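Note on naming: letters A, B, ... go to the chains in the order of the sequence lines (proteins, then strands), and numbering restarts at 1 for each one. Predicted model only: the values in this text are computed from it and were never measured.
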Amino acid sequence: MSDIIDGIVAKVQESTIFRSRDYMRPEYVPDELPHREEQIKALGNVLVHAVKGEVPNNLFIYGLTGTGKTAVTKFVLSNLHKRAPDKFSFAYVNVRQTDTPYRVMADVIEFLGGKVPFTGLSTAELHRRLQRALNDARKVIILVLDEVDALIKRHGDELLYRLTRINGELSGSKVSIVGITNDVTFVDELDPRVKSSLGEVEQVFPPYNAVELEDILKRRAIVAFKPGVVNEDVIRLCAALAAREHGDARRALDLLRVAGEIAERQGKSIVTADQVYEARTEIERDRMHDVIKTLPFHSKLVLLSIVDGSRRERPLTTGEVFEIYRSLTRKLGLESVTQRRVSDILNELDMLGVITASVVNRGRYGKTKEIKLSIDRRSIMEVLNEDERLVSIWS
DNA sequence: CCTCCACCGGAACTTACGGAGT
DNA sequence: ACTCCGTAAGTTCCGGTGGAGG
């Protein structure tokens, strides 16, 4: 039995493709960040003050996804921290994953070594504990809030406002905030007081161009892949594909890594353009698979309704989707949600890229959404069939 | 030019739940 | 034992709206 495992382990160890796959993973922060020298310098200039135990200005960082915002911030902070570990510390919170004020505060407290229940406390109580934890740290604390826009959109800027003012309530420590966002327009929605205090210094991260992406990939490929496995053309292709999507470096790295994995599975010894193209579709397919699989039950039902209804070539309307959805729930003997809710679910599915919904005015025939699937019907059904609650419909 | 359809979408409220504090 | 809290999902209520057809 264990010889099967032995075989698998051996296969991994004698990979013909990768020297060390870790260098290609998105969380990996390299020792050098090419083409971001200017940004490193700018962030460094602002944040150095922490090394002397002074509070740096609050900082605001804009840039599209995969332009190195997170990597540069972490890079600068951890390097500064190495120089003066006792003068300051920093907490990094990704606000997309922990997208409520409660969780954000909880995360920061945990970062400072405190313990806090998953739920149950009032936000006021949590705020008090946060203050205490910060105060007890007795140093400068830099708070990195990655993707703050997600928090503000859902819960307003109250937390941000309180955080920017928290220094007034602390005696032992000083806090400075680094806000990162990839939505440039969101700043306008902020309370002017928050805006002015958070935006003491601003830094823009422009997208990488194809040449820069190519250089980044090349440097990574050298350490991640075995010699001769990827050639320049393959790298150039990955760079070009990613450059087309607003110069997203993470995307470029993913493409190359997955292409490598595909080549490995196919038992090839080199990566070619074919694998890069396959990687592109595989990445998209995996993303969709996860998205659909983790959908709430009624969202799945709505999606199923759309799949069913889109059999006739002609975009569906909200009302039609709702009708089909109703008949499905009746067949299953379940309660159905309201049309209002279905309307929201449709918006959610649109955001996730599963469908395209556009509002149309049909004059006398009202205003509605026209709904179309944006991905293949079969692949949706494959995922939906994994949910056993839906099985009884096919009869 | 006005009407009125078939929804859109904001906002406040409800319910069930897991958990804390006292 | 009892009260209070935040979250997630959903409901109720309701004002808004672009343009085809009269």
What is the first contacted nucleotide of DNA chain B and what is the last, in 5' to 3' order, if contact means an atom lying under 4.0 angstrom from a heavy atom of chain A?
dT3(B) to dG21(B)
Report the residue from Ile180(A), Leu160(A), Val178(A) that forms a side-chain contact (heavy atoms from CB on, under 4.5 Å) with Leu145(A).
Leu160(A)
Decide whether Thr272(A) and Gln275(A) meet the rule of one side-chain donor and one side-chain acceptor closer than 3.5 Å.
yes
For dG10(C), take OP1 and OP2 only and decide whether either is under 4.0 Å from a side-chain N or O of Arg341(A).
yes
Name all residues meeting the side-chain contact (heavy atoms from CB on, under 4.5 Å) criterion together with Thr181(A); count only those two or more places apart in sequence or in a different chain, and write none if there are none.
Phe60(A), Tyr62(A), Val148(A), Asp149(A), Asp183(A), Phe186(A)
SB check Arg21(A) Glu264(A) (cutoff 4.0 Å)
yes
Reckon Arg128(A) touches a base, only the sugar-phosphate, or nothing at all at heavy-atom distances under 4.0 Å?
nothing
Carboxylate-amine/guanidinium proximity below 4.0 Å for Glu382(A) and Arg285(A):
no
Does Arg36(A) make a cation-pi contact with Tyr208(A) (under 6.0 Å, within 45 degrees of the axis)?
yes
For Gln339(A), report the nucleic acid contact type (base, sugar-phosphate, nothing); a contact means any heavy atom under 4.0 Å.
sugar-phosphate
Determine: side-chain N/O of Thr100(A) to OP1/OP2 of dG6(C), distance under 4.0 Å, yes or no.
no
Which residues within residues 295-305 of chain A lie with some heavy atom under 4.0 Å of an atom in DNA chain C?
His298(A)
Applying a 4.0 Å non-hydrogen cut-off, can you work out what Asn347(A) is touching in the nucleic acid: base, sugar-phosphate, or nothing?
sugar-phosphate
So Arg103(A) and Glu110(A), salt bridge (Lys or Arg N to Asp or Glu O under 4.0 Å) or not? Walk me through it.
CA-CA 10 Å; Arg103(A) 298 266 161 76; Glu110(A) 268 164 33; over 6 Å; no
